[in-house]
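Below: the structure, in structure tokens.
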Amino acid sequence: MKDLPKAFEAKNYEEKIGKRWEESGFFNPDVCVKAGVTEKDASYFSIVLPPPNVTGTLHMGHAAMLAIEDIMVRYHRMKGDRTLWIPGTDHAAIATESKVESILIKEKKMAKPKQEMGREAFLNEVRKFAKESHDTIVNQCKKMGASLDWSREAFTLDDQRNRAVRAVFKKMFDDGLIYRGFRVINWSVKGQSTCSDDELVYVERPGKLYYFKYSKDFPITIATTRPETKLGDTAVAVHPDDKRYKQFIGKTYDLEFVGEKIKVKIIADDGIDMNYGTGALGVTPAHSAVDFAMYEKQKAAGNPIDLIQVIGEDGKMTHRAGAYSDLEVEKARAVILENLRVHKLLEKEEDIIQNIGTSDRFNDIVEPLPKLQWFIDVNKKFKLKESKIKGVKSGASVTLKELMQKVVNSKQITIIPNQFEKTYFHWIDNLRPWNISRQIWYGHQVPVWYRKEEIYCGINAPEGEGWVQDKDTLDTWFSSGLWTFSTLGWPDENGDLENFHPTSVLETGHDILFFWVARMILMTTYTLGCIPFETVYLHGLVRDEQGRKMSKSLGNVINPLDMIEKFGTDATRLSLVLGSTPGIDLKLSEEKIAGFRNFTNKLWNISRFMLINIEKPSEDIKMPAPKTDADAWILEKMQNVIKDVTAQIENYNYSMAGEILRDFTWGELADWYLEIAKIEGGKSLVLNYLLNTVLKLWHPFMPFVTETIWEEVYESDALLMVEKWPKVGRKKFDSAVQFEIIKNVVTAIRSWRSENKIDAVKLLSAVIVPEKNQKLVIENAGIIEKLARLEKLVITEKMENHNGKKVFLAAGMEIAVDFEGVVDKGKETKRLKDEIDSVTKYITGLEAKLSNADFVSRAPAVVVEKEKAKLLEVKDKLLKFEAQLKSLN
RNA sequence: GGGCAAUUAGCUCAGUUGGUUAGAGCGUUACAUUGACAUUGUAAAGGUCAGAGGUUCAACUCCUCUAUUGCCCACCA
């Protein structure tokens, strides 16, 4: 028998265990089948890892994700499913490119790296950086114990994924869902690229609202926060019912505004708020998404207005701004305001708080301007050729938006926690065309080629001379939207797609529900006509102990690798899973992780103790027959734990599953059963069985310590990782209750002793009276004596009426205890009788009411039905109570 | 402005169709300690379940309002 160290030092074992897992090849379900660990006809379970961005290292949020998914995966693997967890990374286009750009600026002292280096050289730098990040990420995933099938690893920007991207793009292009349009988009001057609406971060900041007139001869005062854009005004919109302005609607004015000639038409639009500002809106179609919408509305109605772009992509005024051209926007604003003041056209300045859109990635204020871009139309009907979606027939005409709504509405996809379904629908309702092209270099290039007036969209470049490919790249979410099927080989066929798709669960943070989850639903329902996953499990974000976001600037970042080094991977994993609720942010502190480190050590020591007390530990052991009351008690508890833990895991309640296990392991197994085992002595098969089962149940949660113990105890090469998940055996043993009683007697004695500060209590009697007229004789009274010895209890005097509850009598006399934990029959009977009384009274009343012809005829049918339903319900309850009462006696 | 949620012990949170005496971890206090484990054990203290109404035989649980907090969305110029 081995002599194990007193404390579990995680870092002495983790690397070795990790290697054993990897070398076994069992992370790959095909290997499991070949080795006979998994049955050939087993059901499939698959998850894709939300690919981390190759912008750096993993943080606690990633660690939480890996921990939860690994629990799912290890559980299903042990359960016998063909379990696949696919790893991968995301090229994260803009994020990675701008990160590398800023590194080059900082370290190589370049002013404009992209211009200085050129496309290929710059991209090489980005690829180098991405490769390094990727390697770090892979290493970190392995450290977390994540049982990912690395043989299937994918990258959103590799060749295989590129083919998937081109194929989907072309399909959408051919269906007319992808189009090139000239629209107002969000432009980042700093990043020299567009951003999609979802990528904007709104920031509140104080601003000024200026009330002014274009010129003296213009009748309407308008308000604006951005006077410089007013050079691009081509209309003034008022509410059609606004009496102040009704007379002007339809008129066109040729004006001189701060020295420049502009032409403004007065139009009516019922979207105008009469009470805000002056009730009149200067319409700038080129520099406001709202105004652009009005521009299109006017065009559609046959009353077109002009569109004049006065701000350029460089953030300066364009030649259309006349004398103001080439001025920076801010400067132009100052000059124009000064001009208005001089000519007494500025009527009022008002301080306001404005909500301003900024680009998250580039960290600058977004400039709305018109540009030719690629869009996905979510509202256009197309024919879904082959549909496996419930409620949508093959060949049906649908929109992408409808598909996205349908699959969640009809519960083909379940979102946990389900309040996020509401958020999801709300978002879809407001969904607008998705701008998918970016003017950056790192990413999938748009698979469209131009030759003079010709346009070609295809998977490969067209034949012939003179074709030039579109320089734009695709939004990173376009490629990650294909993730569930592009990782399984699509558009090729290798069997994986057929076996593992739709995937079983998608587990990710609730912050990317729209960015990613919704887009995967869009892309998959469109491309394959099926759902990408059956269940979406959203975890909360990991925050610091005060609930703040972890950020470098706050200095409150807890690095997973540091915690792993300090407390071990298992402790780190547990701290992220236990005490967390799906969708709700988790507050994490080092103390919490330390607490779980203590638990891993406890489990280690429980095993050490058992090791000493098990004759010949066997890996393969069935539930043995109990020899003592304590055996019966713990075996019964163990069965319930197997049942409950399994059920909780199946219900995605990992926190609850872990808590049940911890309470059992620490509270019942260690604190009670092992203490008794010390007294009763003897080597026991029950111990063997308990250790075996507990290790299996804990393995998905804390794989390293359990695998280590497994190896040390059984001294074999067999991996716990692929052992079979425990099954519930016999659940009832009569003598279990005997031990439950003993346990409660002991607890009561301890409490009494502690309160009365009495060290020595002599306990000789083993007769217990739970109720006045009923004596319960504990059959193996020896245990009580042994326990008494253990507790150093010697009853030396008569004790009664303590707290009005507990009465201990001296040697040879009866002991009466108000049993807590064990059902107090007297009280419970009374309670149930009271319940039955009150419910019966209610039933009688209801029945009288329902048999009253007057009520039945007068009351609305709905009410009568409701009352009837309620009657049935209450009668059910009554039966339940009566059954409980019966089982009690 | 619209939507979604939260409010339970000093702190972090459970509480699954309304039905036992509302639970756990941490922290606090007292005691214990050669023994599998001080990364320990035993016990105790601590809650008018945010507030006010309502529905019900019965409310932490359902409804309404109020207060506070958080998140998401949105074009108020």
Side-chain angles (χ1 to χ4, degrees), chain A residues 4 6-8 197-198 202 209 222-226 237 271-273 275-284 288-294 352 354-355 357 368 417 419-420 422-423 425-427 429-430 510-511 513-514 541 545 547 567 571 578-581 583-589 591-592 594-613 651 653 655-656 659 662-663 667 670-671 674-675 678 747 750-755 757 759 791-792 820 823-824 827-828 831-832 834-835 837-846 870 874 877 880-881 884:
Chain A
L4 302 180
K6 274 188 151 191
F8 178 68
D197 297 334
D198 301 302
Y202 288 91
L209 187 61
I222 58 174
T224 183
T225 51
R226 300 198 55 190
I272 300 295
D273 183 348
N275 301 317
Y276 190 87
T278 59
L281 167 69
V283 181
T284 325
S288 152
V290 197
D291 296 4
F292 183 79
M294 275 184 213
I352 56 159
Q354 55 176 346
N355 215 1
Q419 71 258 25
F420 280 103
K422 287 179 195 158
T423 318
F425 289 126
H426 188 249
W427 179 77
D429 289 344
N430 296 312
H510 66 73
D511 53 332
L513 176 63
F514 307 137
L541 310 180
E545 50 191 323
F567 303 110
L578 269 67
S580 79
T581 315
I584 293 184
D585 292 354
L586 173 76
K587 288 177 186 144
L588 186 71
S589 61
E591 291 76 40
K592 192 174 169 189
F596 285 107
R597 185 268 322 270
N598 296 357
F599 178 71
T600 58
N601 191 59
K602 186 79 185 177
L603 186 64
W604 175 257
N605 277 294
I606 287 170
S607 309
R608 278 214 308 150
F609 174 82
M610 287 182 160
L611 192 53
I612 295 162
N613 290 282
N651 281 324
N653 253 325
S655 176
M656 187 58 83
E659 277 171 47
R662 183 185 50 188
D663 292 348
D671 292 344
L674 295 189
E675 291 303 321
K678 279 180 194 166
T747 308
R750 280 177 185 168
S751 170
W752 178 87
R753 196 176 56 130
S754 174
E755 275 174 44
K757 298 201 190 306
D759 291 337
E791 294 293 315
K792 293 201 174 143
E820 294 171 43
V823 186
D824 176 348
K827 257 195 174 169
E828 182 65 3
R831 185 189 70 85
L832 283 169
D834 287 352
E835 291 278 19
D837 273 1
S838 91
V839 174
T840 312
K841 215 183 283 168
Y842 181 58
I843 290 175
T844 322
L846 254 185
K870 193 137 197 199
V874 179
K877 283 268 159 66
K880 208 178 101 194
F881 289 133
Q884 277 178 24

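If you're wondering where the values come from, they're calculated on a predicted model, not measured in any experiment. Order of the sequence lines fixes the chain letters, A, B, ..., with proteins taken first and strands second; residue numbering starts at 1 for each chain.
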5'-most by nearest nucleotide on RNA chain B - A:Asn653 or A:Ser838: A:Asn653
Which part of the nucleic acid, if any, lies within contact of A:Glu591, taking any heavy atom under 4.0 Å across all strands shown: a base, the sugar-phosphate backbone alone, or nothing? nothing
Between A:Gly579 and A:Leu586 the two heavy atoms that sit nearest each other are O-CD1, 3.8 Å
Between CG of A:Asp511 and P of B:rC71 the distance, given in whole Å, is 13 Å
Reckon A:Lys587 has a side-chain N or O less than 4.0 Å from the OP1 or OP2 of B:rC13? yes
Between B:rU28 and B:rU69, how far is it from one C1' atom to the other, in whole Å? 28 Å
Return the value, rounded to whole Å, for the distance between atom CD of A:Glu835 and atom P of B:rC57. 14 Å
Are the side chains of A:Asn651 and A:Met656 in touch, meaning some heavy atoms are under 4.5 Å apart? no
Where is the tightest heavy-atom contact between A:Ala594 and A:Phe567, given as atom of each residue plus distance? CB-CE2, 3.6 Å
Once you apply a heavy-atom cut-off of 4.0 Å, does A:Lys841 come out as touching a base, just sugar-phosphate, or nothing? nothing
Out of B:rA36, B:rA24, B:rC57, which nucleotide sits closest to the side chain of A:Val874? B:rC57
Taking the side chain as C-beta and beyond, is there a heavy-atom pair between A:Met610 and A:Leu674 under 4.5 Å? yes
Between A:Asn601 and A:Phe8 the two heavy atoms that sit nearest each other are OD1-N, 2.9 Å
What distance, rounded to whole Å, do you find between the two P atoms, one in B:rA74 and one in B:rU68? 26 Å
Where the side chain of A:Leu674 is concerned, which of B:rA14, B:rG41, B:rA36 is the nearest nucleotide? B:rA36
Can you measure A:Asp585 atom CG to B:rC71 atom C1' for me and round it to whole angstrom units? 8 Å
When rounded to whole Å, the CD to P distance for the pair A:Glu675 and B:rA32 reads 18 Å
Counting the atoms with a prime plus P, OP1 and OP2 as sugar-phosphate, which does A:Met610 contact under 4.0 Å by heavy atoms, base, sugar-phosphate, or nothing? nothing
Considering only atom P, compute the distance from B:rG54 to B:rG15 and round it to an integer number of Å. 29 Å
Are A:Ser655 and A:Glu659 linked by a side-chain donor-acceptor pair shorter than 3.5 Å? yes
Tell me which nucleotide among B:rA36, B:rG19, B:rC4 gets nearest to the side chain of A:Phe609. B:rA36
Per-nucleotide pairing state of RNA chain B [Watson-Crick or G-U, under 3.5 Å; [ ] pseudoknot-crossing; | other strand]: (((((((..((((.....[...)))).(((((.......))))).....(((((..]....))))))))))))....
Given atom CH2 of A:Trp604 and atom P of B:rU40, what is their separation to the nearest angstrom? 17 Å
Under 4.0 Å between a side-chain N/O of A:Ser655 and OP1 or OP2 of B:rC13, yes or no? no
Looking across every strand, which nucleic acid part, if any, lies under 4.0 Å from A:Ala237 by heavy atom: base, sugar-phosphate, or nothing? nothing
Between C1' on B:rC13 and CG on A:Leu588, what's the gap in Å once rounded to a whole number? 14 Å
Kindly indicate whether the side chain of A:Met294, heavy atoms from C-beta on, has any atom under 4.5 Å from the side chain of A:Ile272. yes
Which pair of non-hydrogen atoms, one from A:His510 and one from A:Gly583, has the smallest distance, and what is that distance? CD2-O, 3.6 Å
Side chain of A:Ala670 - closest among B:rA36, B:rA14, B:rG25: B:rA36
Whole angstrom is fine here: how far is it from NZ in A:Lys870 over to C1' in B:rG19? 13 Å
Could you give the distance separating B:rU56 and B:rC62 at their C1' atoms, to the nearest angstrom? 10 Å
Is a donor-acceptor pair below 3.5 Å formed from side chain A:Lys6 to base B:rC37, judging by atom type as modelled? no
Nearest heavy atoms of A:Ala223 and A:Thr278, plus distance in Å: N-OG1, 4.1 Å
A:Phe420 CZ to B:rG70 C1', in whole Å, measures 12 Å
Of all the heavy-atom pairs spanning A:Leu541 and A:Asp585, show the shortest one and how long it is. N-OD1, 2.9 Å
Once rounded to the nearest 0.5 Å, what's the spacing between atom CZ of A:Phe881 and atom CG of A:Asp834? 11.0 Å
Given protein heavy atoms under 4.0 Å, the one-letter contact record of nucleotides 72-77 of chain B, with B base, S sugar-phosphate only and - none, is simply SSBBBB
B:rC4 to B:rU21 separation - C1' atoms, rounded to the nearest Å: 36 Å
Would one find a side-chain N or O of A:Asn605 under 4.0 angstrom from OP1 or OP2 of B:rU40? no
Looking at A:Lys592, I'd like to know whether one of its side-chain N or O atoms comes within less than 4.0 Å of OP1 or OP2 on B:rC11. no
Say you draw a straight line from CG of A:Asn605 to CG of A:Leu611; how long is it, rounded to the nearest 0.5 Å? 11.5 Å
Which whole number of Å gives the distance between the C1' atom of B:rA9 and that of B:rA24? 11 Å
What's the closest nucleotide to the A:Gln419 side chain, out of B:rG19, B:rA36, B:rA5? B:rA5
Most 5' of A:Ser580 and A:Gly595 on RNA chain B, judged by nearest nucleotide: A:Ser580
What's the gap between B:rG25 and B:rG41 when it is taken at their P atoms, as a whole Å value? 11 Å
With rounding to the closest Å, how many angstrom separate the P atoms on B:rG51 and B:rC11? 15 Å
